[in-house]
Amino acid sequence: MKISVEGIGEFELSDNSPLILLLDKIKELNPKKSLPVAFLTPSGEILDWHTPINSTAPSLSLKPLYPEDKEALLVLRHTASHVLAQAVKELFPKAKLGIGPAIDEGFYYDIAYERPFTEEDLVKIEEKVKEIINKDLPLKREELSKEEAKALFQNLNEDFKLELIDEIPEDKVSVYRQGDFVDLCRGPHVLSTGEIKAIKLLSVSGAYWKGDEKNPMLWRIYGTAFFKEEDLSAYLNFLEEVKKRDHRRLGKELELFTIEEDIGPGLVIWLPKGAIVRRIIEDFWKDEHLKRGYQLLYTPHVALLDLWKTSGHLDFYRENMFPPMELENRAYQLKPMNCPFHIYVYNQKRRSYRELPLRFCELGTVYRFERSGVLHGLLRVRGFTQDDAHIFCREDQLQEELVKVLELVIYFLKLFGFEEYKVYLSTRPEKYVGDERRWDLAESSLQSALQTLGLPYEIDPGEGVFYGPKIDLKIRDVLGRDWQCSTVQVDFNLPERFDLVYVGEDNQFHRPIMIHRALLGSLERFLGVLIEHYAGAFPFWLAPVQIKVLTIKDSVIPYAETVSSRLKSLGFRVEDDFRPEKLNYKIRQAQLEKVPYMIILGEKEMETGTVSLRSRKGEHLNNITLDEAIERFQSEAHPLFGAS
RNA sequence: GCCGGCGUAGCUCAGCGGUAGAGCAGCGGAUUCGUAAUCCGCAGGUCGUGGGUUCGAUCCCCACCGCCGGCUCCA
């Protein structure tokens, strides 16, 4: 067959042969001088040098992958995980191998052993890994029948591999070898272990075999690998940066929030500084919703258990709910969701088609039971406030409402500087309620809403909730990390369960469609993400303290007081630092508190009736008038205010 | 929930079988000093909780609580 490699040339390869047979020719003709790490097929699959090309087509065009390509890194890391496994097997022959894939930021291998691996083991393993890399062992692929493979791994005592072989549907399986090491693997892999120029083992932890807690626990060793040493150190720097931005650390340092052992795990206390930030967001949120025809609600935190029976939550959501409590012989339930309450608001009276859509919104605090091991700062908690809304509409209104909701999502996210999103549309799962026609309608409405807004999206087939399809948005923060916040879900179930109706133009009862949506998700989580996104340095309009007034000597305090009170009267959040400390000391403190602006006042300013401004970024604007300073503050007050 | 690690002053951390130490913060005093730490002094801890071992436990053992990392991104 004919193989054409983009940018290199065309080659003849006998059927069912691997590309490695063309190694010398490709090397010779390649203008880049460096060999491709692997190749991309037209269907987007990664093809390595080792895998025989099994195609009925007379020709195949391949895109070479070089170290700078993302896919190449996956190949390298897959090999890295084999090297890790080899090292472990050499040091701990009794270890049994699970699986060892490449992942987004590196690779891991799950390994069973009689005792957990320690940090010291990790050091030793890493040394061994580097030894294996230095030997520059070539990788070799072999195809075996399942029987042969089973015999091979039986011999090696690799129980988990035997289990995996049984799960492979094909008749043949492949193994990759390097040196004395062999692993069941479909590839792809690099040519030899020497291609791994930088590698680091990062951590060990327990992980259930196949992620199922009924299965035995293996030890998972995480690592990462690169083609270049610089890339590794850049990655390690990135990890440092992530640590510095950790919202739990910043939350403490900046006095934003606390989670207290004595109060309870996953229960957040907002400290004054954090509470200000939250309030600004909440106020803005409410205003924007009122402008857009939403009606604001407040609903209780508990309700009779029966409500949750009717809603169905007791059946399908029980494991995430706090247990019910008994009071005067009646059972009450802490609310895990707001929707049933909003439904009762809908049901206050007979609704006409003319009233729809009805949009009810609430910053509703809900309580959900999360297993202790998964709690994480503000990102995973047990009590949180959703920026929730439920829209009740007619079928013919569904699409327009969805467009509006998505527009609002984007509007809010942009406000906080999130410009990149990943959008996922989850479609009908195997088990679902409601009729197919409505599902199709909802799915196509979601889809065309996304298209209307020109939002690129991926489809997660079958990942919808049983009561309706949904759109989830993940935002990407400045460090390129994705966070799931927004969600828009169409619901056919609750209107049915609570027998919601409206009277149509035809004077008949009709069932409204319900949309659940949260823009920010939960305020706790969103603020956690925001803290990390901004590294604690909130933009001016969100900063708990916007301006700090610093005096250089006591004699200027009266002047400083006039400046400060003028700013306060304009509504700025100002703190005074009139202590008899050195200026440097005060600046340092304000800087560590990440206050956007400092106003510095000394003799000069007092005499000329001016102020000196120092921004958090270190810019100096000396001896400007207070009005000029105010102008500058106002320009930063609210980037999107009134722009809707 | 499970696995591993951790829990010492408000914070960050040192110590480790002979009942505790630093820096920062706090308090007192001195310093009035122009763009990221002025100096001196003082005070502060039932060493997560409860048991056990020991002449003696912050240190060793057990249980509990909490925190951190991880628990399919399919060979």
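What's counted below: heavy atoms across the whole structure, side chains too, no hydrogens, waters or symmetry copies.
- Here Asp477(A) pairs with Arg481(A) under the salt bridge (Lys or Arg N to Asp or Glu O under 4.0 Å) rule; sequence neighbours left out.
- If you check G66(B), G34(B), C71(B) against the side chain of Glu603(A), the one that comes closest is G34(B).
- Legend: residues meeting ring-ring contact (aromatic ring centres under 6.0 Å, His included) with His189(A), ordered by chain and number and at least two apart, are His78(A), His82(A), Tyr176(A).
- Between Arg245(A) and Glu241(A) there is a salt bridge, since at least one side-chain N of the basic residue sits less than 4.0 Å from a carboxylate O of the acidic one.
- Phosphate proximity of C68(B) to Arg248(A): present, with a side-chain N or O under 4.0 Å from OP1 or OP2.
- When the salt bridge (Lys or Arg N to Asp or Glu O under 4.0 Å) test is applied to Arg616(A), no partner is found at least two apart in sequence or on another chain.
- Distance from the side chain of Ile99(A) is smallest to C74(B) among C74(B), G34(B), C71(B).
- With Phe226(A) as the aromatic partner, Arg77(A) meets the cation-pi criteria of under 6.0 angstrom to the ring centre and within 45 degrees of the ring axis.
- Sorted by residue number, the members of residues 621-632 of chain A with any non-hydrogen atom under 4.0 Å from RNA chain B read Asn622(A).
- Under the 4.0 Å criterion applied to side-chain N and carboxylate O atoms, Asp577(A) and Arg579(A) are assigned as salt-bridge partners.
- Of the charged side-chain nitrogens involved, at least one lies within less than 4.0 Å of a carboxylate oxygen, so that Glu142(A) and Arg177(A) count as a salt-bridged pair.
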Heavy-atom protein contacts under 4.0 Å, nucleotides 23-33 of chain B, coded B base, S sugar-phosphate only, - none
--S-----BBB
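- Between Lys548(A) and Glu593(A), at least one side-chain nitrogen of the basic residue sits less than 4.0 Å from a carboxylate oxygen of the acidic one, meeting the salt-bridge criterion.
- Residue Arg220(A) places none of its side-chain N or O atoms closer than 4.0 Å to OP1 or OP2 of G70(B).
- Between Phe633(A) and Phe572(A), the angle of the ring planes goes over 60°, which puts this pair in the perpendicular group of the 30/60° scheme.
- At the phosphate of G34(B), neither OP1 nor OP2 sits under 4.0 Å from any side-chain N or O atom of His620(A).
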For RNA chain B, just give me the dot-bracket, please: Watson-Crick or G-U, both distances below 3.5 Å, ( ) intra-strand, [ ] crossing earlier pairs, | paired with another strand, . unpaired.
(((((((..((((....[..)))).(((((.......))))).....(((((..]....))))))))))))....
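- Side-chain atoms of Glu605(A) come within donor-acceptor range of the base of G34(B), with a qualifying N/O pair under 3.5 Å.
- Near RNA chain B, defined here as any heavy-atom distance below 4.0 Å, the residues from residues 200-219 of chain A are Ser205(A), Gly206(A), Ala207(A), Tyr208(A), Lys210(A), Gly211(A), Met217(A), Trp219(A), listed numerically.
- Under 4.0 Å is where a charged nitrogen must lie from a carboxylate oxygen, and between Arg382(A) and Glu524(A) no such pair does.
- Among residues two or more places apart in sequence or in another chain, the salt bridge (Lys or Arg N to Asp or Glu O under 4.0 Å) test is passed with Lys200(A) by none.
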For residues 251-266 of chain A, dump all side-chain donor-acceptor pairs below 3.5 Å to protein atoms at least two apart in sequence or in another chain.
residue	atom	partner	partner atom	Å
Glu253(A)	OE2	Arg249(A)	NE	3.4
Thr258(A)	OG1	Glu260(A)	OE2	2.7

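- By the side chain to side chain donor-acceptor pair (under 3.5 Å) test, Trp209(A) is found to be paired with Glu163(A), residues two or more places apart in sequence or in another chain being considered.
- Residues satisfying the salt bridge (Lys or Arg N to Asp or Glu O under 4.0 Å) test with Arg566(A), not counting sequence neighbours, are Asp627(A).
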Please produce a list of atom pairs where a protein N or O lies less than 3.5 Å from an N or O of nucleotides 45-49 of chain B.
none

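- In this structure, Tyr222(A) reaches the sugar-phosphate backbone alone: every heavy-atom distance under 4.0 Å involves primed, P, OP1 or OP2 atoms, never a base.
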